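Computed from a predicted structure; not experimentally measured. As a basis for the values below, the full set of heavy atoms in this structure was taken, side chains included, without hydrogen atoms, waters or symmetry mates.
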Amino acid sequence: MSTEEKINWAILVTGWGRNAHDTIEAFNKGKLHKSNISLVIYEQEPCGAAELAEEIGIETIQIFKKDFSNLFTYQKKLISEIEKRNIDYIFMLNFKYIIKDEMLTAFPDRIINIHPSLFPSFLGTKTAIQDALEYGVKITGITTHIIDDKLDEGTILCQSPIKVKDNDTFDTLYPKFAKKGKKLIVETIKEIEKLHFKK
């Protein structure tokens, strides 16, 4: 494989896309040496990630889940659009839907997720930060992983711990996740680059 080749990434985002926006910004600043962000599929408007992508010439597609009868038909559309564009890996950043078997089969070991906890704690929830606070843990964190057919499992790629202070609330803890997540996503992409170019 030529050293000039780069990995093509698609980003899936359903919300405003803070993590996705930070990742696109890192790409635009030249921090991803062996990767191209080639496609952003988004849903919500406004979507900061999609707006930045369009500004710097990354293709964007807006697809609404509500336009499809169920997750299966919605994800068939995602598969179709991604397969047209020679995408190597998919990063789910602020993406709220569970990936179904057909999409896992279409992109085996090529879909990456970020979760706001240290695996194996606080899995299968959309409130992992709040759950950690309620449970009273002293350390929580972020995990990136290759997804499989089990919710919030799969192969761990990178993890970053975050200390929880006694007086922390969601509002004081969340910015720590945003800051650490920004770095961890870039680290994760670099880890995928190492794995990919070993093949």
Side-chain angles (χ1 to χ4, degrees), residues 6-68 71 74-75 77-79 81-82 84-85 87-99 103 107 110-117 125-130 140-145 147 152 157-158 160 162 168-193:
K6 292 190 175 185
I7 294 171
N8 286 320
W9 288 85
I11 291 176
L12 303 184
V13 55
T14 44
W16 189 90
R18 178 186 293 273
N19 284 335
H21 183 280
D22 288 345
T23 306
I24 294 163
E25 193 171 56
F27 166 71
N28 194 39
K29 289 179 178 177
K31 294 182 179 179
L32 307 177
H33 302 299
K34 296 180 181 178
S35 288
N36 285 320
I37 297 176
S38 303
L39 176 66
V40 175
I41 298 179
Y42 70 105
E43 182 172 47
Q44 175 182 301
E45 285 186 332
C47 175
E51 288 169 7
L52 178 58
E54 287 165 8
E55 279 176 27
I56 64 173
I58 295 171
E59 183 182 8
T60 65
I61 306 173
Q62 187 174 30
I63 302 175
F64 294 99
K65 158 66 176 62
K66 66 179 176 60
D67 291 341
F68 299 86
L71 270 179
Y74 166 66
Q75 289 182 14
K77 176 65 172 172
L78 295 183
I79 291 167
E81 294 297 342
I82 292 167
K84 287 177 190 175
R85 290 166 174 82
I87 297 297
D88 298 300
Y89 289 88
I90 299 161
F91 214 137
M92 300 177 0
L93 297 171
N94 314 101
F95 185 77
K96 67 183 180 181
Y97 302 118
I98 294 170
I99 299 295
M103 194 160 173
F107 308 106
R110 292 163 57 198
I111 306 175
I112 319 301
N113 185 45
I114 185 167
H115 186 77
S117 78
T125 175
K126 294 181 180 178
T127 56
I129 299 174
Q130 297 93 319
T140 182
I142 309 171
T143 301
T144 56
H145 61 113
I147 69 167
D152 290 337
L157 291 167
C158 299
S160 184
I162 295 171
D168 264 330
T169 64
F170 178 83
D171 289 337
T172 60
L173 197 55
Y174 181 78
K176 299 178 189 178
F177 277 83
K179 186 177 179 181
K180 286 280 185 87
K182 189 174 181 177
K183 294 178 181 177
L184 194 71
I185 291 164
V186 171
E187 183 184 330
T188 299
I189 290 173
K190 289 180 177 177
E191 187 63 28
I192 288 292
E193 289 171 352

Find the distance between CD1 (Ile87) and CZ (Arg110) and round it off to the nearest 0.5 Å. 9.0 Å

Run the side-chain donor-acceptor check on residues 8-20: report pairs under 3.5 Å with partners two or more places apart or on a different chain.
from: Asn8; atom 1: OD1; to: Ser38; atom 2: OG; distance (Å): 3.0
from: Asn8; atom 1: ND2; to: Asn86; atom 2: O; distance (Å): 3.4
from: Trp9; atom 1: NE1; to: Ser35; atom 2: OG; distance (Å): 2.9
from: Thr14; atom 1: OG1; to: Asn94; atom 2: O; distance (Å): 2.9
from: Thr14; atom 1: OG1; to: Lys96; atom 2: N; distance (Å): 3.1

Any side-chain to backbone donor/acceptor pair from Ser160 onto Ile142? Under 3.5 Å, distance only. no

Summary of salt bridge (charged side-chain N to carboxylate O under 4.0 Å, His left out) pairs that have at least one residue in residues 53-63, sequence neighbours excluded: Glu59-Arg85

Pairwise side-chain contact, Ile99 with Phe107, heavy-atom cut-off 4.5 Å (strictly under): no

Throw together a table of side-chain donor-acceptor distances under 3.5 angstrom for residues 169-177, partners on residues two or more places apart or in other chains.
from: Thr169; atom 1: OG1; to: Asp171; atom 2: N; distance (Å): 3.3
from: Thr169; atom 1: OG1; to: Thr172; atom 2: N; distance (Å): 3.4
from: Thr172; atom 1: OG1; to: Asp168; atom 2: OD1; distance (Å): 2.7
from: Thr172; atom 1: OG1; to: Thr169; atom 2: N; distance (Å): 2.8
from: Thr172; atom 1: OG1; to: Thr169; atom 2: O; distance (Å): 3.0
from: Lys176; atom 1: NZ; to: Asp168; atom 2: OD2; distance (Å): 2.9

Any heavy-atom pair between the side chains of Ile189 and Ile7 that's under 4.5 Å? no

Atom pair CD1/CD1 of Ile61 and Ile41 - distance to nearest 0.5 Å: 5.0 Å

Taking only residues two or more places apart in sequence, or in another chain, which ones meet Ala128 in a side chain to side chain contact (heavy atoms under 4.5 Å, CB included)? His115, Pro116, Ser117, Phe122, Thr125

Among residues at least two apart in sequence or on other chains, which ones pass side chain to side chain contact (heavy atoms under 4.5 Å, CB included) with Glu25? His21, Asp22, Lys29, Leu52, Lys182

Met103 versus Ile82: any side-chain heavy-atom pair under 4.5 Å? yes

Tell me, do Phe27 and Val186 make a side-chain contact under 4.5 Å, heavy atoms counted? no

Measure the spacing between CD1 of Ile111 and CD1 of Ile147 and express it to the nearest 0.5 Å. 4.5 Å

Are Phe91 and Thr188 side-chain neighbours, meaning at least one heavy-atom pair lies under 4.5 Å? yes

Measuring from Leu157:CG to Ile192:CD1, what's the distance to the nearest 0.5 Å? 4.5 Å

Among residues at least two apart in sequence or on other chains, which ones pass side chain to side chain contact (heavy atoms under 4.5 Å, CB included) with Glu51? Pro46

Please check if the number of heavy atoms outside Ile98 that lie under 6.0 Å from its CD1 is greater than 12. no

Rounded to the nearest 0.5 Å, the OH atom of Tyr42 sits from the OG1 atom of Thr60 at a distance of 5.0 Å

Residues passing the salt bridge (Lys or Arg N to Asp or Glu O under 4.0 Å) test with Lys77, sequence neighbours excluded, are Glu81

Side-chain contact test, heavy atoms from C-beta onward, threshold under 4.5 Å: evaluate it for Thr140 versus Ile129 and give yes or no. no

Scanning both residues in full, the closest heavy-atom pair of Ala49 with Ile24 reads O-CD1, 3.4 Å

Atom pair CG/CD of Asp88 and Glu193 - distance to nearest 0.5 Å: 11.0 Å

Please list, chain by chain and in numerical order, all residues satisfying side chain to side chain contact (heavy atoms under 4.5 Å, CB included) with Leu71, sequence neighbours excluded. Lys65, Tyr74, Gln75, Tyr97, Lys100

Using a 3.5 Å distance criterion without hydrogens, assess whether the side chain of Gln62 forms a donor-acceptor pair with backbone atoms of Glu43. yes

Indicate the atoms forming the closest heavy-atom contact of Leu93 with Ile185, along with that distance. CD2-CD1, 3.6 Å

